[in-house]
Amino acid sequence: MHEYTSSARVWGLSCPGFPEEVSRARRWTRDILRGSPLAEDAELIVSELSANAILHTASGQQAGSFHLALAVSAQVIALSVTDDGGTSTAPKAEHQDQHAEHGRGLGMVSALAHRVIVHRSQAGHTVTAELFATPRGSTGGHPC
């Protein structure tokens, strides 16, 4: 393999900021990851991150949009959702009462994913959730 070639496959999708687009993002994720043992977790993560973009940022306003990226390799699935910004605070997991109707989404994403990274830029926020192919705490035989 050439030194600049990656074994990861990458897909992208841009969606208008309408609530019904969350289900399209879920289907898109499910179709790409069909047969993967991580598909259900990935689908749920994409759903939460997409809904958060629409509900809490300019992505849900008129002419708003959100953008998904999905990278898949033998070791990791990385799911990223980028919003249109419009808020001064970066997304963060909050500890909510178990009966709360809102505010638990990013906490749930953090519980499902092995790592969650939030990146802020002038264009908005990108939240990336990584799901590792090996179980938590396992190094898969590779040194860390």
Other residues, nucleotides, ligands: >12 heavy atoms within 6.0 Å of Gln62 CD
no

Sorted by chain and residue number, the side chain to side chain donor-acceptor pair (under 3.5 Å) partners of Ser14 (sequence neighbours excluded) come out as His67

Sorted by chain and residue number, the side-chain contact (heavy atoms from CB on, under 4.5 Å) partners of Leu49 (sequence neighbours excluded) come out as Ile45, Val81, Leu106, Val109, Val127

- Message: Is there a continuous path of hydrophobic side-chain contacts, each under 4.5 Å between heavy atoms, that joins Val10 to Leu38?
- Response: no

CG (Leu33) and CH2 (Trp28) are apart, to the nearest 0.5 Å, by 8.5 Å

Taken in chain and number order and not counting sequence neighbours, the residues that satisfy side chain to side chain donor-acceptor pair (under 3.5 Å) with Gln75 are Ser73

For Ala53 and Asp83, the nearest pair of non-hydrogen atoms, with its separation, is CB-CB, 3.8 Å

>> Could you check whether any side-chain N or O of Ser50 sits under 3.5 Å from a backbone N or O of Ser47, counting only pairs where one atom can act as donor and the other as acceptor?
In response: no

Residues at least two apart in sequence or cross-chain that pass side chain to side chain donor-acceptor pair (under 3.5 Å) with Thr82, listed by chain then number, are Thr126

The single option from Val72, Leu70, Val116 that satisfies side-chain contact (heavy atoms from CB on, under 4.5 Å) with Leu79 is Leu70

The reported gap from CZ in Arg27 to CD1 in Ile32 (rounded to nearest 0.5 angstrom) is 12.5 Å

With sequence neighbours left out, the residues meeting side chain to side chain donor-acceptor pair (under 3.5 Å) with Glu43 are Arg26, Arg30

**OP:** Examine distances only and state if a side-chain atom of Ser59 and a backbone atom of Asp84 form a donor-acceptor pair shorter than 3.5 Å.
**Re:** yes

For Glu48 and Met108: C-alpha separation, side-chain torsions, deciding distance, then whether side-chain contact (heavy atoms from CB on, under 4.5 Å) applies. CA-CA 8 Å; Glu48 287 297 327; Met108 183 177 57; 3.1 Å; yes

query = Any chain of hydrophobic side-chain contacts (each under 4.5 Å) joining Phe66 to Ile117?
reply = no

Validation row: Leu44, Leu112 side chains within 4.5 angstrom (heavy atoms): yes

Closest non-hydrogen contact found for Gly85 with Thr57 is O-CB, 3.2 Å

Note to self: Let's go through Leu68 and Val46 carefully: what are the C-alpha distance in whole Å and the side-chain angles of both, what is the deciding distance for side-chain contact (heavy atoms from CB on, under 4.5 Å) to 0.1 Å, and is it a yes or a no?
What the structure shows: CA-CA 8 Å; Leu68 294 96; Val46 162; 3.3 Å; yes

Item to check | Short side-chain to backbone donor-acceptor contact, His114 and Leu131, under 3.5 Å | outcome: no

Between Ile77 and Ser36, the two heavy atoms sitting closest are CD1-OG, 3.9 Å

Salt bridge (charged side-chain N to carboxylate O under 4.0 Å, His left out) filter on Arg24, not counting sequence neighbours, yields Glu21

